[in-house]
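Worksheet for the structure shown next.
Just so it is clear, the values below take in all heavy atoms, side chains as well, and ignore hydrogens, waters and symmetry mates.
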Amino acid sequence: MERFSARHGLSRPDAEIRIRNEAPDEMRGIVLDIAYESGLSPSPMRTLLCRLLRKRADPSNWSEWPNVAGECEDLIRQCEWYEVYDIIEEIFKSLQKPDSYDAAGGNRAGRFADEINRYFRREGIGWQLNSGEVVTRGTEIFEAAIRGAAEALASAQKPTARNEIHEALVDLSRRPEPDLTGAIHHSMAALECVARDVCGDPRATLGEIIKRYPAVIPKPLDEAVAKAWGYASEVARHVREGRNPERKEVELIVGLAATVATYLVR
């Protein structure tokens with residue numbers, strides 16, 4: 001049965017993202033709570049945790065509640081922050097097994113993902129569980145730009161450019177540290193790939209395309225794209241000691257590249 005808030009379309013706005021490279025204690029406990037609510041019991045959870053963390057189960061703990069459940073809490077509380085997100089992926093995978101459907105035919109893995117993502121949005125955690133993988137989550141505008149680009153590039157049959165956008169997200173999602181320069185490189189490669197195809201100039205760089213084909217991007221937006229290309233070249237291609245981009249800068253470049261690529265293919 002749906003909750004009152006779901007039936008009436010009521011929800012609190014997403015919290016500002018404030019948690020990225022960490023996993024607070026409360027969140028670790030909530031992950032277990034959601035897993036249990038989704039149909040996983042303490043013993044399989046302990047098996048999953050011990051396998052992933054390379055720990056041995058305590059043979060003196062045999063009763064599900066509270067002994068085995070308490071051991072699970074200890075295991076998830078003591079692991080590294082990025083291992084918590086590995087655990088989330090493994091829980092999803094476990095709940096995807098053929099026998100992981102409840103009596104009403106409900107998808108336990110889907111329920112787990114929905115609840116985890118709802119919690120992440122509510123608490124300002126900058127990750128999301130998408131198709132079984134924990135990937136980065138940006139602002140609503142950033143998410144819309146990436147989603148729109150992926151759909152537009154797929155519809156326009158531009159698999160290479162679409163893959164570059166995907167790789168940019170993979171780089172942003174790397175744990176324990178994201179590959180920020182890699183994300184810039186892949187996103188601008190996607191835009192350059194689309195621009196070459198649209199202009200029929202397969203060897204030109206994006207900077208050259210903007211100069212040779214002034215009508216391809218409306219003025220004065222072409223100047224913004226040219227400056228973004230210059231920034232990407234300096235930060236991601238010609239790396240200098242001490243010049244490390246901030247995440248918010250990288251999300252701006254990735255979002256801009258995705259938006260312009262979408263504009264070009266449409």
Give a yes or no answer on whether the side chain of [X] reaches the backbone of [Y] with a donor-acceptor pair at less than 3.5 Å.
X      : Y      : answer
Asn67  : Ser63  : no
Asn130 : Glu133 : no
Arg175 : Val134 : yes
Glu192 : Leu206 : yes
Glu208 : Thr205 : yes
Arg18  : Gly124 : no
Ser187 : Ile184 : yes

When clusters are formed by joining ILVMFWY residues with side-chain heavy atoms under 4.5 Å apart, either directly or through shared neighbours, do [X] and [Y] land in the same one?
X      : Y      : result
Val68  : Leu40  : no
Ile17  : Ile30  : no
Tyr231 : Leu252 : no

Shortest non-hydrogen separation from [X] to [Y] and the atoms involved:
X      : Y      : result
Ala145 : Gly255 : CB-O, 4.0 Å
Ala109 : Gln96  : CB-CG, 3.6 Å
His186 : Ala168 : CB-N, 3.7 Å
Ala154 : Arg162 : CB-NE, 3.6 Å
Ala261 : Val194 : O-CG1, 4.0 Å
Val265 : Ala152 : CG2-CB, 3.8 Å

Note, [X] side chain near [Y] side chain (heavy atom, < 4.5 Å):
X      : Y      : value
Ile116 : Phe92  : no
Phe142 : Arg137 : no
Leu180 : Leu172 : yes
Tyr119 : Ile125 : yes
Met27  : Ile88  : yes
Phe4   : His8   : yes
Arg121 : Arg118 : yes
Ile34  : Ile91  : no

Partners meeting side-chain hydrogen bond (donor to acceptor under 3.5 Å, both in side chains) with [X] (sequence neighbours left out):
X      : value
Glu143 : Gln128
Lys248 : none
Asp33  : none
Arg147 : none

| field | NZ/NE/NH1/NH2 to OD/OE distance under 4.0 Å, Arg111 and Asp114 | value |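 Between Asp114 and Arg111 there is no salt bridge, as every charged N stays at least 4.0 Å from the carboxylate O atoms.
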| In terms of side-chain geometry, is the basic nitrogen of Glu251 or Arg247 positioned less than 4.0 Å from the acidic oxygen of its partner? |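 Yes, this pair counts.
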Counting only pairs under 3.5 Å, give me each side-chain donor-acceptor contact of residues 74-84, with atom names and distances, residues two or more places apart or in other chains.
residue, atom, partner, partner atom, Å
Asp74, OD1, Arg77, NH1, 3.0
Glu83, OE1, Glu80, N, 2.8

| task | Please report the C-alpha distance between His185 and Glu167 in whole Å, then the side-chain angles of each, then the deciding distance to 0.1 Å, and finally whether the side-chain contact (heavy atoms from CB on, under 4.5 Å) criterion is met. | result | CA-CA 10 Å; His185 174 77; Glu167 288 300 318; over 6 Å; no
| field | Sequence-distant partners of Trp62, ring pair (Phe, Tyr, Trp, His ring centres under 6.0 Å), two or more places apart | value |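 Per chain and number, Trp62 pairs via ring pair (Phe, Tyr, Trp, His ring centres under 6.0 Å) with no residue.
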Heavy-atom neighbours of [X] [atom1] exceed 12 at 6.0 Å:
X      : atom1 : result
Arg7   : CZ    : yes
Ile141 : CD1   : no
Glu89  : CD    : yes

| query | Excluding sequence neighbours, so at least two apart, what forms salt bridge (charged side-chain N to carboxylate O under 4.0 Å, His left out) with Arg28? | reply |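 Arg28 satisfies salt bridge (charged side-chain N to carboxylate O under 4.0 Å, His left out) with no other residue.
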Point-to-point distance, once rounded to the nearest 0.5 Å, from [atom1] of [X] to [atom2] of [Y]:
X      : Y      : atom1 : atom2 : result
Asp171 : Thr181 : CG    : OG1   : 7.5 Å
Leu32  : Ile87  : CG    : CD1   : 8.0 Å
Ile217 : Asp222 : CD1   : CG    : 6.5 Å

Could you pull out all donor-acceptor pairs under 3.5 Å where a side-chain atom in residues 196-204 meets a protein atom, sequence neighbours excluded?
residue, atom, partner, partner atom, Å
Arg196, NE, Ala204, O, 2.6
Arg196, NH2, Ala204, O, 3.3
Asp197, OD2, Lys158, NZ, 2.1
Asp201, OD2, Arg212, NH1, 2.8
Asp201, OD2, Tyr213, OH, 2.9

| Taking only residues two or more places apart in sequence, or in another chain, which ones meet Ser5 in a side chain to side chain contact (heavy atoms under 4.5 Å, CB included)? |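 Scan of Ser5 (side chain to side chain contact (heavy atoms under 4.5 Å, CB included), adjacent residues dropped) gives Arg3, Leu10.
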| field | Residue list, side chain to side chain contact (heavy atoms under 4.5 Å, CB included) with Tyr263, at least two apart or on another chain | value |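 Per chain and number, Tyr263 pairs via side chain to side chain contact (heavy atoms under 4.5 Å, CB included) with Pro218.
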| Which is it for Tyr85 and Val135 under the side-chain contact (heavy atoms from CB on, under 4.5 Å) test, yes or no, and what are the steps along the way? | CA-CA 9 Å; Tyr85 297 97; Val135 298; over 6 Å; no
| request: Can you tell me which residue pairs pass the salt bridge (charged side-chain N to carboxylate O under 4.0 Å, His left out) test with a partner in residues 47-63, sequence neighbours excluded? | output: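 For residues 47-63, and leaving out neighbouring residues, the salt bridge (charged side-chain N to carboxylate O under 4.0 Å, His left out) pairs sorted by first residue read Arg51-Glu90.
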| request: Report the C-alpha separation of His166 and Leu153 in whole Å, then their side-chain angles, then the decisive distance to 0.1 Å, and conclude whether the side-chain contact (heavy atoms from CB on, under 4.5 Å) test is met. | output: CA-CA 11 Å; His166 172 73; Leu153 293 171; over 6 Å; no
| Can you pull the side chain to side chain donor-acceptor pair (under 3.5 Å) pairs that have at least one residue in residues 38-49, sequence neighbours excluded? |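 Qualifying pairs, neighbours excluded: Ser43-Glu64, Arg46-Glu71.
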| request: Walk me through it: do Ile210 and Val216 pass the test side-chain contact (heavy atoms from CB on, under 4.5 Å)? | output: CA-CA 7 Å; Ile210 293 173; Val216 71; 5.6 Å; no
| task | Please determine, by modelled atom types, if Arg20 and Thr136 share a side-chain donor-acceptor pair under 3.5 angstrom. | result |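 A donor-acceptor contact under 3.5 Å links the two side chains.
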